[in-house]
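Reviewing the structure listed below.
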Amino acid sequence: MVVEELVNHGAEARLIEIIRKMGLKELYPPQELAVKAGLLKKGESFVIAAPTASGKTLIAEMASLKVFFGIGKKIVYLVPLRALASEKYEDFLDKYSGIGMRIMQSTGDYDSSEPWLHEADLIITTNEKMDSLIRHRSSWLRDIELIVADEIHMIGDRHRGPTLEIVLTRLRSMYPQLRIVALSATIPNAEEISRWLGARLICSDWRPVPLREGVFFNSAAIFNEGTVKWISEVSKVAAIDIALKTIKDKGQALIFVNTRKSTEAVARMAGKYLSDLLSEEEKRILAGLSGEVLAASPEPTRVCKKLAECVSNGVAFHHAGIIYQQRKLIEDAFRAYRLKLIAATTTLAMGLNLPSRSVIIRDWWRYESGIGMIPIPAIEIKQMSGRAGRPGFDKYGEAVLVARNRRDERYLFEHYIKGEPEGIDSQIDDESALRTHILASISGDFARNRIELLDFLGMTFFAFQRGNRRLTSLVEEIIGFLEDEGMIVAEKDGLHPTRFGRRVSELYIDPLTGVVLRNALTEKREKDVFSLLHMIAHTPDMMALRVRKADYEEMLDVFYAHAGNLLIPDEEKLPTDEVLSEIKTASALMQWILEMPEDKIVGHFGIGPGDVRTIIELSDWLLYSASEIAKIFRLKDEVKKISLLRVRVKYGIKEELLELVSLRGIGRIRARNLFNSGFKSLGDIKKASIGELSNVPAVGKIIAEDIKRQVSPLQGDIANHTTSV
């Protein structure tokens, strides 16, 4: 279908003109199918199941533009990750801000209704943030006409799936006329999902770049259509040799492995061979990019330095242990063809929107806690493989699984190459997820009694697949738990939230986290800094750091040193692996606020700078939640302690620097330099000359002038904000 024919299927001239300006003359087959099925006409929802790069996003964009040109209704674009939200935001801003579309992004602060989003035409947000906005009854929700649910297959994810499922169920129950356009790669039970959503299914296997899938063993990659590709041994690492062959042929490659250390090892080894293939101009550009990667962190760590070294050779590693700014630099450079190769963890594959000519899956198994090493589900392998083939650059894409022996070779062909991916199953029968969403239903007055609660759960994908029997028994258990913990009151006339229960739901924390925080804060004992840090590490919402063999002796010493002050029941004060993991997390936070350099934290605790950022961000959220719970129980001293600790965690400072970091542009390094130079308070800065302040390391004239402007109109102590942050 040529673009001009859209007029026959409900498209306005403006919409056609926008698509034409994108350089499109003809629709891809999945897009044509959707348009002919009524995408641009009112009323119907759609599930679009098609391979990566087959044009799914444009289908959602066309539906969104149709709404935008209508009567002032809103579009919400749901994504599973913050990084994907930022990527979509930048892309849509570039495409559509010129036509007057007000595009806004909302991914943080789970304790806000975000009233400013009332001004938006298109809102890009994560599933979790949307859940939070629904709980806060944001007034603009009633103006939504279209929900785009990107990566709908994530409903089958153990961790993120329940929230997406509940969000879609809640919105459909609140606004039955709401349209949904759900996007997914091809999955076996796409029809089942479309029937649940009451949507039309558009299913296509068409790809703009043909894909061939194969298995590598004994110097040869054998593909599903019968071709064979011989690979010369260069590095003695099969995955690298396959990648180097692609790069020599002017393509790019992704290598997926199952651990962070493996990504770093593969990238560093590949760099030794890849650097010889680079031109002098490419090396010059990469040297600049390497500097940017290093400068992205205010305190470059050993991981940052390894990454920068790899980048200078045209390769990068990509895992959750590196910070977001560095991941973005890497991804942008790969899209711009500056980087030739990325080694990434298999668990991060979902968040990588990076097509390349070759996708090499070295590790097709990974560790699952409590189980051990297990094969990766076929659907995930298919998702990785689908990234092979870059539209506009490659004539074909290659996805290669690496076999260790002949037995593996047969298994990989039968299970992954010829086999069907698993269907998507609901995950909301997970007790942790269900208690969170049941409390939200009761506290938000979405369900006023058991009947309404079960009616709502009866609308979920879980009930559609398996009926309500399993949920009914779980609901009773969870209602009992919530009542016992004082979050709800169960009476004859219904289910009613307490003030505590309602606030826990608004804070977007697991009810069990709320219980842990309440019990700890109401303990009749002195609460020191370490015990408060352990308190948040003890919650299910914190990312606990894994205890290595090398950590055990030190963590045992820390545990016994603080056991008497830990704010947990005495029967739980045992040095189990779980408790020692919490102790390690609290210890890392403790060293952070004692101003241990970030590189030393990374090295000492065996974590990445990205992990440091994650636990700081989670700590800020959990300390804020603890402060809000302390207010409910009128614990004024605890509120003050926690508020001060929250600032220390945010900046990574000792208490003596609290006043200095109240200044804009002053973080922990500049604050420490100012303090060590004799400027220990805002009063000292007020008295100092710009010249004196400029001489402080990492300050300089511009910052000196700025902080002087900040303190000059102030009288007395202005650091009181630290008790209300």
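Positions are given from 1 along the sequence.
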Any side-chain donor-acceptor pair under 3.5 Å between E165 and S426?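 The criterion, which ignores hydrogens and geometry beyond distance, is satisfied for S426 and E165.
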
Do the side-chain N and O atoms of T57 and K88 include a donor-acceptor pair separated by under 3.5 angstrom?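 Yes, a side-chain donor-acceptor pair sits under 3.5 Å.
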
Identified salt bridge (charged side-chain N to carboxylate O under 4.0 Å, His left out) partner of K382 from the options E420, E213, E422: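 Of the listed residues E420, E213, E422, the salt bridge (charged side-chain N to carboxylate O under 4.0 Å, His left out) partner of K382 is E213.
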
Just grab all the ring-ring contact (aromatic ring centres under 6.0 Å, His included) pairs involving residues 217-253, residues at least two apart or on different chains.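 ring-ring contact (aromatic ring centres under 6.0 Å, His included) check on residues 217-253 returns no pairs.
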
Only counting residues at least two apart or in another chain, list the ones meeting ring pair (Phe, Tyr, Trp, His ring centres under 6.0 Å) with [X].
| X | answer |
| --- | --- |
| Y28 | W206 |
| H437 | none |
| F216 | none |
| H159 | none |

Honestly, is R212 close enough over Y396, meaning NZ or CZ under 6.0 Å from the six-membered ring centre and within 45° of the axis?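 Yes; both conditions hold, so R212 lies above the ring face of Y396.
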
Under the side-chain contact (heavy atoms from CB on, under 4.5 Å) test, which residues partner [X], sequence neighbours left out?
| X | answer |
| --- | --- |
| N127 | L78, P80, T163, L164 |
| S45 | R179, I180, A199 |
| P575 | L556, F559, Y560, L580 |

Provide the closest heavy-atom pair for C304 versus S297 in the form atom of the first, atom of the second, distance.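 Smallest interatomic distance, heavy atoms only, reads SG-CB, 4.0 Å.
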
Indicate the atoms forming the closest heavy-atom contact of R387 with L354, along with that distance.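 Answer, listing the atom of R387 first, then L354: CB-O, 4.1 Å.
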
Which residues pass the side chain to side chain donor-acceptor pair (under 3.5 Å) test with [X], not counting sequence neighbours?
| X | value |
| --- | --- |
| D332 | K328, R335 |
| Y416 | none |
| K305 | none |

Taking the side chain from N468 and the backbone from A463, do they hold a donor-acceptor pair closer than 3.5 Å?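 No.
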
Output, in order, the C-alpha distance, side-chain angles, deciding distance and verdict of side-chain hydrogen bond (donor to acceptor under 3.5 Å, both in side chains) for T346 and D363. CA-CA 8 Å; T346 54; D363 298 341; over 6 Å; no

Do any side-chain atoms of residues 545-553 form donor-acceptor pairs under 3.5 angstrom with protein atoms, and if so which ones, sequence neighbours left out?
unit_1, atom_1, unit_2, atom_2, d
R548, NE, D551, OD1, 3.4
R548, NE, D551, OD2, 3.0
R548, NH2, D551, OD1, 2.8
R548, NH2, H604, O, 3.1
D551, OD2, R548, N, 2.9
D551, OD2, K584, NZ, 2.7
Y552, OH, D577, OD1, 2.7
Y552, OH, D577, OD2, 3.4

